[in-house]
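A quick write-up on the structure given underneath.
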Amino acid sequence: MNIKKGRISMVNGPVIKGTGMKGFQMREMVLAGPRRLIGEVVSIEGESATIQVYEESEGLKAGQDILSTGKPLSLKLGPGIIGNIFDGIQRPLKSIHEMSPGFLPAGIGLISLDEEREWETKLTVSEGQYLTQGQVFGEVQETASILHKLMVPPGIEGKVEYTAPDGSYNISQVLVRLRKPDGELHELKMVQEWPVRIPRPVKERQPLQKPLITGQRILDMFFPIAKGGTAAIPGGFGTGKTMLQHQLAKWSDADIIIYVGCGERGNEMTEVLEDFPKLIDPRTKRSLMERTVLIANTSNMPVAAREASIYTGITLAEYYRDMGYHVAIMADSTSRWAEALREISGRLEEMPAEEGYPAYLPSRLAGFYERAGAVETLSGQEGSITIIGAVSPPGGDFSEPVTQNTKRFVGAFLALDRSLAYARHFPAVSWLSSYTGYIDHLADWYSDNVAHDAFAIRTRMLKLLHEETKLMEIVKLVGEDVLPDDQRWILEVARLIKNGFMSQNAYHNEDAYVPLSKQYRMISIIDYLYHRGMQAVKKGIPVSVVRNGELFEKLFRMKYNIPNDRLELFDGLERDIDSFYDNLENKYSDDFEKVKQ
Amino acid sequence: MIKEYLLLDKIEGPLIFLSGVRDAAYDEMVNIRIKGEESVKKGRVVLIDEDRVVIQVFGSTTGFSVNNVSIRFTGQPMTISLSPNMLGRTFDGTGRVIDGAGEIYGGKKADINSRPINPVDRIYPRNFIQTGISSIDLLMTLIRGQKLPIFSGSGLPHNELAVQIINQAKIASDNGREFAMVFAAMGVKHDDADYFRRSFMQSGVMERVVMFINTADDPIVERITTPRCALTAAEYLAFELGMHILVIMTDMTSYCEALREISSSREEIPSRKGYPGYLYSDLASLYERAGMMKGKKGSITQIPILTMPNDDITHPVPDLTGFITEGQIVLSRDLYQSGIYPPINILPSLSRLMKDGIGEEYTRGDHPEVADQIFSAYSKVREVVDLAQVIGEDELSETDRKYLEFGKRFEETFIRQRPDENREIYDTLNLAWELLSILPAGELNRIKPETLEKYYRK
């Protein structure tokens, strides 16, 4: 390939312009200046082109070279991704640390997966076989939890002419040779390349039917997310977005987690790096790091790479989905990504739309969220990508463009509420402004796998909480004591739902992750208590007696006191409720009789 | 051969435009001399477009004309000289000595923009710093290596609070020799700068302080470089000399306003309230310079101070700051007007790192639960206060009246503290229990029964 060359004509922060750039392609990756800074062509006009640079542009001069690479910004996909931490353009931060510990050096160049490391490889095809795109030709045990399947890249097919024997290979050794239909020979290696901005192809999209089980009660029972669905978590600062994202990354029942720290704090990434290897996945009993990939582009790292980091994350997710895995990607935060778009757009002197954001913000957001989905892969397997994006609206005001546009493209909206966070009620998901569009998709699954009345209880409890909000408006004006007893009973039970069910302690051993079976028992016992209590109130028993302190205390503490694997203890609780209300009703009916007589 | 350029195209505010330049590098420094004058001004290349260059001048462009200045490119980014002798000295926003005690020689030069720390090389901060201020220690604990800003308003005692933290902070692990402070003042009033200097003198910490002062009447371009010089000095002291550094930066709002002023003179497209679109990235490039690094002994803890215009926490400056920093300490005008110092509004205040720096190993086992319970109880107090205003205190239920009493005593005895009062963490915790014991035990549902058994006073 002949290398094309242009010349830098303008430098303005992360945006540079080049002249003499004939033949450069849109979205092509280029190398600028003597330090070979990595950049991407974002617009072309005649012989000049505009480039966004993924590294600090300090020291660049007009007249210096811009070299073409002939390909768009691409990732290397192969073993060595899981458990790693990359920057926004897939450069491994651990390798950079080994090259130069401490501060990130300038002009790192293009490095990616470890080319030296050898992997124990098993080949699953034989000579003479005809392979089509996406078909698996070999396997590598990448980590103890993840079997990495080597696939024929999209767009390639042919007859196997050679297969290497099983053994240890590095990612760039030839494992299989294919004779393509046009007669050309194609070499298959472990590694394949894919441009980040283009979705990887699938056979077809499937309807969403299974939930992403997170172990977080307010999500699983009230606002479930489907595997292959999309969710946004908007919240002002301090409302616990990152905490919730971390909880989801830790406990979701996805096979693989891709965590994108996009323009966020350096210490948060360090925390994940320190914590995750020590945490144990409740399903595989292996370290959580063995199923996690981190992409860290902290707020002080170059802004253009922040824009790319989201695409890097989703492309990695698609690659593992194609192997037949369920992947969940956490993007924290998509607002920083939108701001990076705005910053670059401003420097490109584009016409701004709402609040200075470029007019293409909605289409870019849609393009990202639409890469989620449950699919049948090219090789006929079932896989999915679930996207959970945090949104950081300025001033916690949800009417701003990023939140509003995100709302249009996601299926579940988990709004975090500042007043809940101030009272340290976590997760601070507001049950009033949140919603999920997946109830209909998941109704069958919940009815088959949890309980036939799971969603019926959900609806009852949500209704009760809405009722409570209305009543609280009145209470604020006249106080609680003047309400009729049945309404006061609603307030008492709503309080129990909030403190006993919805608030969940991320640092408590029993409470950090709760299986669906326990979640259901918890909510159904509250429902039962509500029912029995309401009956008693209707019989004229005063609410001060119906609300039994001891009983409420037991229900408040059931999240801590009943271990996740001792659900039979709920039967005892149920008996306590029955015997208390039976006694109460007997006692009062006797009393009422006496009064009558 | 070094070329001199003698003709400018345009002068606009702090920016000068010239053309016919060859070989200028982005971000490099230039020296500017007005004909017939001795002194040299500095400038920085902020835009290159073919042979045209835009330079941001440090200081004022008063007296410049298109043909009376000469400009030399240095080929270097902006650097400052660093040496252990910086301690106890005062500099301006570009790193020049301004205390009249002579130049500092020796040492090394470093680029003031530094580079981001590789997240892999960070150490997650866990060590508790006792400030001796009850509300901070219990509820928004400061951790070594954290960035914890004070959100204040004009006229509130943020300076006094900062000085109290400095005087009382037990940041040194074994002996005071490892502890030093870097103080950066951006666009502050002369008397504020003076207040800090006097306070440092009085408490005898002056020889452990490096000061970078840019007062309100100093050039705004230097306001941009002031915190960068200060943080470069802090990184040198922390990561090369192994000291624990506390960096105070005040007032970040003035800094952001300077950024806005320069942005608008460069005719950039504004985003919220006229601030440039890159305000978040720019602030992050300062705040993210806090932390600890593997293989280095020292640490950088930042306490930036900002005044919220019109006490509005959703204003872009506090808002973007809150998204980058690890929590915030919010001051309240209400509390201050009712005579409470330090007027810390605990509900919106937060320390994101405290969860890993408190408890059995660092403070005391009951600390996390007590903090959680106080937040929850105090937010209930606010509800009761609102209710009492409508229906009157007498109509409140028994429990609500207890909450009211708790709230009152909490503000009067726990939050309120003398500016020289230094409370040990154990005293703070015991005081918290004394107050929580006003409430019925049944209300304390954030606390485990066994903890309640141990500390609750019937």
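Every chain is numbered from 1, with letters handed out A, B, ... down the list of sequences. Treat the numbers as computed from the prediction; the structure is a model and nothing was measured. Worth knowing before you read on, the calculation uses all heavy atoms, side chains too, and leaves out hydrogens, waters and symmetry mates.
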Between [X] and [Y], is there a donor-acceptor pair closer than 3.5 Å when you use the side chain of the first and the backbone of the second?
| X | Y | answer |
| --- | --- | --- |
| A:Asn300 | B:Ser285 | no |
| A:Tyr422 | B:Phe375 | no |
| B:Asn118 | A:Leu93 | yes |

Is there side-chain contact between [X] and [Y], with heavy atoms separated by less than 4.5 Å?
| X | Y | value |
| --- | --- | --- |
| A:Glu58 | B:Asp111 | yes |
| A:Pro101 | B:Lys294 | no |
| A:Ile85 | B:Val120 | yes |
| A:Glu56 | B:Arg115 | yes |
| A:Lys476 | B:Val390 | no |
| B:Tyr26 | A:Lys61 | no |

Check against side chain to side chain contact (heavy atoms under 4.5 Å, CB included), A:Arg265 and B:Arg122
CA-CA 11 Å; A:Arg265 305 175 183 89; B:Arg122 282 183 181 271; over 6 Å; no

B:Glu50 to A:Thr19 - nearest heavy-atom pair and separation
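Where B:Glu50 meets A:Thr19 most closely, the heavy atoms are OE2-CG2, 3.7 Å.
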
Taking every non-hydrogen atom, the tightest pair across A:Thr298 and B:Pro119:
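Taking A:Thr298 first and B:Pro119 second, the nearest heavy atoms are CG2-CG, 4.1 Å.
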
Assess A:Arg342 against B:Tyr278: is NZ or CZ under 6.0 Å from the centre of the six-membered ring, and within 45 degrees of the ring's axis?
no

Checking side-chain polar atoms at under 3.5 Å, does A:Glu355 have a donor or acceptor matched by the opposite partner on B:Ser271?
no

